[in-house]
Participant: 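Take a look at the following structure, please.
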Amino acid sequence: MSQKVSGVKGMNDILPGDVEVWQHVERTAREVFGRFGYGEVRTPIVEDTALFVRSVGETTDIVGKEMYTFEDKGGRSLSLRPEGTAPAARAYIEHSINNQEPITRWFYMGPMFRYERMKTGRYRQFHQIGAEGYGSKEPAHDVEMMDMVVQLLQKLGLTDVSLNINSLGDDTCRPAYQSRLVEHLRAHADELCADCKVRLEKNPLRVLDCKNERCQQIANAAPNITESLCEPCRAHFAEVQRKLDVLGIKYVVNPRIMRGLDYYTRTTFEFIAAHPALGTASTVGGGGRYDKLVKSLGGPDVPAVGFGLGLDRLCLLLKESGQQFAPPVELFIAAADEGSADVAFGLVSRMRREGLRVEFDTRGGSLKSQMKRADKTGARFTLVLGQNERDSGQAQLKPMAGGDAIPVRLDDLASAVREAIARPAAPPAS
RNA sequence: GCGGCCAUAGCUCAACUGGUUAGAGCGCAGGACUGUGACUCCUGAGGUUACCGGUUCGAUCCCGGUUGGCCGCCCCA
């Protein structure tokens, strides 16, 4: 036998049985986002490497060491997208959307790629559902974004998720804050962990994120970013909170929500799930405002805000809830004898055309084996078709959960099945 | 990228400190029941013990490497 083939590390198949959960999340997201007026955008999975270097940031982990980058035959440096915001912004700019409408509401869903050490809820090909709002710098749009996530999570029944918000300031106040922070950290540089000594130079804000105990103490004593905002940023952040209150959305102000991407300004937020199934991968979604991103990519000076949700993680949580998402087979048709196979097959086709979910054992076989098959499929009803039924045009609709069979006319089968399904299940025979 | 744990049937796991034909439950298939599934009983298929090499009379077990998975750190979705 030949060597068995295998998939790429960190990239998973989603098989029937699991895929229904995914479809349910995707369907629900489309429905909820649609209500908010967001339209789906589909961008390529591959982009010019420079797009991510310029937007996500050269010093970030994502660009620094996690991108799948390769050269195509024309010598171009291309990368598998590690996130969805930059490609959306690129498309927004490329099609001059800002000249066509003042406000743009987009969402996307699809695979993203990061070369990382694998864990539960963390894969090299993972999937995000994200949304982008362009053209409004108002806090209302930040809050609309969060509301959209809240409504989606609610609709999915994922209630044990908390919203954490923060503000990173903007070009006016962040540099000033950053230098004050660096000043404070420098004073304690000897006590910082090895990683943080590097962060101090490369990305000092990240020190605030460090889990090391001593670093935390130093970070806690550091100037607080939310107290260092310039007046416009402070007002913006206050209004975000006020509008969250208006909508009755619960949140926590968490100065440690830094985000790992460079393009964020002002508002940042994360949705963090409490469920232990995710382990340390508890962030199911994150986002924020990036008012300078579009311009920095050569586009117009258009403010934007958005988020990304980890579809894989949402599905993990939903699977834990034990809900069933696969629609049941409504009718199974069995042929009692060879001679009835064609008539049965024809009936199956007709019922499917009528819109019923119908199964049939294409291999034929004994009636018994077909009945077993019917049981395995979880069919609500089974109909056995043989000589008697062909002669009389009458058949028995057998409820697989138990109870009396229902006499039906074959001419009338589809509506009879629909009626039987709508009827509350008969009490089990005692 | 760093540290630790693990890998036996489709799935969940056994195999008495290295010993002869590697077992069970579930699942799958067939039968008991030739026009009726599930429950019960019987039977069957399914393994290069992840892969490669080493030690040994002999390796699922010990050692090294590879690949894959899990946990913590880091980071994030």
Side-chain angles (χ1 to χ4, degrees), chain A residues 1 3-4 6-12 15 17 56 60-66 81-85 109-130 149 193-196 198-199 203 206 209-212 215 257-261 268 270-273 276 278-287 307-317 332-340 361 363 365-390 395-402 405 428:
Chain A
M1 192 166 72
Q3 179 73 43
K4 225 199 266 183
S6 60
V8 176
K9 179 184 170 107
M11 307 201 181
N12 302 315
L15 305 176
V56 175
T60 59
D61 284 356
I62 294 175
V63 168
K65 47 192 189 191
E66 295 174 0
R81 62 182 186 195
E83 58 103 43
T85 292
M109 48 182 73
M112 308 292 164
F113 302 84
R114 292 182 201 171
Y115 191 88
E116 283 197 280
R117 186 67 170 267
M118 289 197 46
K119 309 190 51 144
T120 303
R122 180 197 210 167
Y123 313 105
R124 289 184 174 176
Q125 174 174 330
F126 62 106
H127 301 78
Q128 277 191 339
I129 299 181
V149 177
C193 71
D195 285 341
C196 282
V198 179
R199 292 190 185 113
N203 198 343
R206 295 233 72 92
D209 239 357
C210 187
K211 307 294 186 293
N212 179 289
C215 296
I257 302 297
M258 287 299 143
R259 317 299 304 144
L261 298 78
T268 58
E270 276 185 20
F271 286 86
I272 299 171
L278 291 180
T280 48
S282 57
T283 301
V284 295
F307 64 80
L309 293 169
L311 183 47
D312 309 71
R313 292 176 184 182
L314 292 178
C315 289
L316 278 175
L317 287 176
F332 191 100
I333 295 178
D337 53 78
E338 249 337 273
S340 302
D361 195 334
R363 300 167 306 177
S366 69
L367 180 60
K368 182 187 180 64
S369 69
Q370 293 181 66
M371 288 305 294
K372 279 188 171 177
R373 196 78 246 134
D375 186 51
K376 286 284 149 49
T377 64
R380 296 286 306 277
F381 295 95
T382 297
L383 182 143
V384 175
L385 193 120
Q387 189 64 54
N388 297 344
E389 287 77 11
R390 283 193 283 150
Q396 299 291 316
L397 203 53
K398 176 180 175 122
M400 296 302 278

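These numbers come from a predicted model, not from an experiment. Numbered from 1 within each chain, the chains take letters A, B, ... in sequence-line order.
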Participant: Output the rounded distance in Å from CZ (Arg117(A)) to P (rC74(B)).
Facilitator: 15 Å
Participant: To check you understand the geometry: which heavy-atom pair defines the closest contact between Ile257(A) and Thr268(A), and what is its length?
Facilitator: O-OG1, 3.0 Å
Participant: Can you tell me how far the CZ atom of Phe113(A) sits from the NE2 atom of His127(A), to the nearest 0.5 Å?
Facilitator: 7.0 Å
Participant: When all nucleic acid strands are considered with a 4.0 Å heavy-atom cut-off, which category describes Glu116(A): base, sugar-phosphate, or nothing?
Facilitator: base
Participant: What is the distance, to the nearest angstrom, from the CZ atom on Arg124(A) to the C1' atom on rU67(B)?
Facilitator: 12 Å
Participant: Between which residue ranges does RNA chain B form stems of three or more consecutive Watson-Crick or G-U wobble pairs, both distances under 3.5 Å?
Facilitator: B:1-7 with B:67-73, B:10-13 with B:23-26, B:28-32 with B:40-44, B:50-54 with B:62-66
Participant: Whole-Å distance between rG35(B) C1' and Leu383(A) CG?
Facilitator: 12 Å
Participant: Taking the same atom, P, in rC75(B) and in rU12(B), what whole-Å distance lies between them?
Facilitator: 33 Å
Participant: Classify Tyr123(A) by what it touches in the nucleic acid, base, sugar-phosphate, or nothing, heavy-atom distance under 4.0 Å.
Facilitator: base
Participant: State, with a plain yes or no, whether a side-chain heavy atom of Met109(A) is found less than 4.5 Å away from one of Leu309(A).
Facilitator: no
Participant: Grab the CZ-P distance between Arg122(A) and rC70(B) for me, whole Å please.
Facilitator: 12 Å
Participant: With side chain to side chain contact (heavy atoms under 4.5 Å, CB included) as the criterion, how do Met371(A) and Val384(A) come out once you've worked through the C-alpha distance, each side chain's angles and the decisive distance to 0.1 Å?
Facilitator: CA-CA 9 Å; Met371(A) 288 305 294; Val384(A) 175; 4.2 Å; yes
Participant: So which protein nitrogen or oxygen atoms get under 3.5 Å of nucleotides 27-32 of chain B's nitrogens or oxygens?
Facilitator:
residue: rC28(B); atom: OP1; partner: Lys376(A); partner atom: NZ; Å: 3.0
residue: rC28(B); atom: OP2; partner: Lys376(A); partner atom: NZ; Å: 3.4
residue: rA29(B); atom: OP1; partner: Arg373(A); partner atom: NH1; Å: 3.2

Participant: Contact class for Gly121(A) (heavy atom, under 4.0 Å): base, sugar-phosphate, or nothing?
Facilitator: base
Participant: Verify side chain to side chain contact (heavy atoms under 4.5 Å, CB included) between Glu83(A) and Val56(A), making sure each step is shown before the conclusion.
Facilitator: CA-CA 9 Å; Glu83(A) 58 103 43; Val56(A) 175; 3.9 Å; yes
Participant: In this structure, how many angstroms lie between the C1' atom of rC2(B) and the NZ atom of Lys65(A), rounded?
Facilitator: 10 Å
Participant: Rounded to whole Å, please give me the gap between CG in Leu316(A) and P in rC70(B).
Facilitator: 10 Å
Participant: Just checking Gln370(A): base, sugar-phosphate only, or nothing, at a heavy-atom cut-off of under 4.0 Å?
Facilitator: nothing
Participant: Could you tell me how far rC57(B) sits from rU20(B) if I compare only their C1' atoms? Round to whole Å.
Facilitator: 13 Å
Participant: In terms of the nearest nucleotide of RNA chain B, which residue is placed more toward the 5' end: Leu309(A) or Met11(A)?
Facilitator: Met11(A)
Participant: How is Gly286(A) classified with respect to the nucleic acid when contacts are heavy atoms under 4.0 Å: base, sugar-phosphate, or nothing?
Facilitator: sugar-phosphate
Participant: I need the CG-C1' distance between Asn12(A) and rG68(B), as an integer number of Å.
Facilitator: 12 Å
Participant: Sticking with atom P, work out how far rA7(B) lies from rC51(B), rounded to a whole angstrom.
Facilitator: 14 Å
Participant: Give one of base, sugar-phosphate or nothing for Glu389(A), where a contact means two heavy atoms less than 4.0 Å apart.
Facilitator: base
Participant: Apply the test side chain to side chain contact (heavy atoms under 4.5 Å, CB included) to residues Glu116(A) and Lys65(A): give CA-CA distance (whole Å), side-chain angles for both, the deciding distance (0.1 Å), then the verdict.
Facilitator: CA-CA 9 Å; Glu116(A) 283 197 280; Lys65(A) 47 192 189 191; over 6 Å; no
Participant: Answer yes or no: does a side-chain N or O of Thr120(A) lie under 4.0 Å from OP1 or OP2 of rC71(B)?
Facilitator: yes
Participant: Rounding to the closest angstrom, what is the interatomic distance between rC52(B) and rG46(B) at atom C1'?
Facilitator: 26 Å
Participant: Any base atoms under 4.0 Å from Met118(A), or only sugar-phosphate, or nothing? Heavy atoms, all strands.
Facilitator: sugar-phosphate
Participant: Any base atoms under 4.0 Å from Gly378(A), or only sugar-phosphate, or nothing? Heavy atoms, all strands.
Facilitator: nothing
Participant: What's the separation between atom CD in Glu66(A) and atom CZ in Arg124(A), rounded to the nearest 0.5 Å?
Facilitator: 10.0 Å
Participant: Looking at rG72(B), I'd like to know if its phosphate oxygens (OP1 or OP2) sit under 4.0 Å from a side-chain N or O belonging to Lys119(A).
Facilitator: yes
Participant: Taking atom CG of Leu314(A) and atom CG of Leu278(A), what is their separation to the nearest 0.5 Å?
Facilitator: 9.0 Å
Participant: Would you measure the distance from the P atom in rG47(B) across to the matching atom in rU56(B) and give it in whole Å?
Facilitator: 32 Å
Participant: Which value, rounded to the nearest 0.5 Å, describes the distance between Ile333(A) atom CD1 and Leu397(A) atom CG?
Facilitator: 9.5 Å
Participant: Between rC74(B), rA38(B), rG35(B), which nucleotide gets closest to the side-chain atoms of Asp375(A)?
Facilitator: rA38(B)
Participant: Run the numbers on Asp337(A) and Arg390(A) for side chain to side chain contact (heavy atoms under 4.5 Å, CB included), then give the verdict.
Facilitator: CA-CA 11 Å; Asp337(A) 53 78; Arg390(A) 283 193 283 150; 3.7 Å; yes
Participant: Let me confirm one number: the NZ-CZ distance from Lys9(A) to Arg117(A), rounded to the nearest 0.5 Å.
Facilitator: 6.5 Å
Participant: Quick one: Phe332(A) CZ to rA38(B) P, roughly how many Å, whole number?
Facilitator: 13 Å
Participant: NA contact type, Asn388(A), heavy-atom cut-off 4.0 Å: base, sugar-phosphate, or nothing?
Facilitator: base
Participant: Can you tell me, in whole Å, how much space there is between the C1' of rU21(B) and that of rU17(B)?
Facilitator: 24 Å
Participant: So what does Val384(A) touch, heavy atoms closer than 4.0 Å: a base, only the sugar-phosphate, or nothing?
Facilitator: base
Participant: Which pair of non-hydrogen atoms, one from Ala395(A) and one from Leu383(A), has the smallest distance, and what is that distance?
Facilitator: CB-CD1, 3.7 Å
